[in-house]
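Since the structure comes first, as structure tokens, the remarks are kept for the end.
FYI, side chains are in, hydrogens and waters are out, and symmetry mates aren't considered; it's all heavy atoms of this structure.
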Amino acid sequence: MFKRRKPRSYGQLASDMIYPRGGWRRAGTYVLHRLRRLPDHPHRIGRGVAAGVFVSFTPLFGLHFLSAAGCAWIIGGNLLAALLATFIGNPITFPFIAMLAVSIGRYILGLKGDLSPHRILGEFGHAGAEIGHNIRSIFGPERAHWGQLAEFFTQIYWPYVVGGVISGLVASVAAHYLTVPVIRAYHRRRTKIMAERIARVGNMQPRPPAPPSDSPSAPGSSDKGRGTQ
């Protein structure tokens, strides 16, 4: 009953993931609105948001939803809040997240040289293509090449994991402590509005009519009536 009359194609779904129809500002407003209206305890929603934010800083591309749900389940957070919070990782923010995480990881691991966001994301694309090539080589005459993947793992992926965990923990803790008071204030405001509406409806209901009262006749009226006979 609530399905679209014309289902969206896979191409439209993919394009909406890169750039939503209403723009990123409208999509962000929608996510915040849904988070505030979740029917759950503020701390559970906050833990769910923390899980989604944390996962967005990891290089688990394509697995962020499953990872966020798993983290939320482990720490007792709201699953839907975790999925919505993965919106933090999007095509606009991923270059900055990747550069921050890889820079921190390479510094901690003692690797020299800075990498640009374009280089980091480009290497992920090359690694994905290389993995596909090696899988196809199992069933065909092509020869697998693992040397470039090993260099990618040591120079980019592992530093991304180390730096992403550290920066993700900081960002997730901040997101939790920012989310809880916002959700709590919204719940209080919503409860107050509902109470005012209930009181307003109660005042608008018609009162039942008063029962008829048998008023006694005025004193002396019966005597006057008798005197006139």
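Follow the hydrophobic side-chain contacts under 4.5 Å out from Ile120 and you reach Ile97 in the same cluster. Hydrophobic clustering (side-chain heavy atoms under 4.5 Å, transitive across Ile, Leu, Val, Met, Phe, Trp, Tyr) groups Leu111 together with Phe152. In this structure, Val162 is a member of the same hydrophobic cluster as Phe94, with clusters built from ILVMFWY side-chain heavy atoms closer than 4.5 Å. Using a 4.5 Å cut-off between side-chain heavy atoms of Ile, Leu, Val, Met, Phe, Trp and Tyr, with links allowed through other members, Val180 and Val173 fall into different hydrophobic clusters. Hydrophobic clustering (ILVMFWY, side-chain heavy atoms < 4.5 Å, transitive): Leu121 and Phe153 are in distinct clusters.
Between Arg106 and Leu115 the shortest heavy-atom distance is NH1-CD1, 4.0 Å. Of all the heavy atoms in Ala82 and Ala72, the pair that sits closest is CB-CB, 3.7 Å. For the pair Ile88 and Thr93, the tightest heavy-atom approach, listed with the atom from each and the gap, is O-OG1, 2.5 Å. Of all the heavy atoms in Ala51 and Ile75, the pair that sits closest is CB-CD1, 4.2 Å.
Applying the side-chain hydrogen bond (donor to acceptor under 3.5 Å, both in side chains) test to residues at least two apart or on different chains, none of the pairs has a partner in residues 156-169.
Taken to the nearest 0.5 Å, the NE2 atom of His118 stands 10.0 Å off from the CD atom of Glu123. Put simply, NE2 on His43 and OG1 on Thr179 are 11.5 Å apart, with the number rounded to the nearest 0.5 Å. To the nearest 0.5 Å, atom CG of residue Leu109 and atom CD1 of residue Ile104 are 11.5 Å apart.
In this structure the side chain of Ile108 reaches within 4.5 angstrom of the side chain of Ile166, judged on heavy atoms. Between Val49 and Val53, some side-chain heavy-atom pair lies under the 4.5 Å cut-off.
Put simply, the side chain of Ser103 never gets that close to the backbone of Leu100: no donor and acceptor are under 3.5 Å apart. No donor-acceptor pair under 3.5 Å is formed between the side chain of Arg47 and the backbone N or O of His176.
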What side-chain donor-acceptor pairs closer than 3.5 Å can you find for residues 54-70, not counting sequence neighbours?
{"from": "Ser56", "atom 1": "OG", "to": "Gly52", "atom 2": "O", "distance (Å)": "2.9"}
{"from": "Thr58", "atom 1": "OG1", "to": "Val55", "atom 2": "O", "distance (Å)": "2.6"}
{"from": "His64", "atom 1": "NE2", "to": "Val55", "atom 2": "O", "distance (Å)": "3.3"}
{"from": "His64", "atom 1": "NE2", "to": "Thr58", "atom 2": "O", "distance (Å)": "3.1"}
{"from": "Ser67", "atom 1": "OG", "to": "Leu63", "atom 2": "O", "distance (Å)": "2.7"}

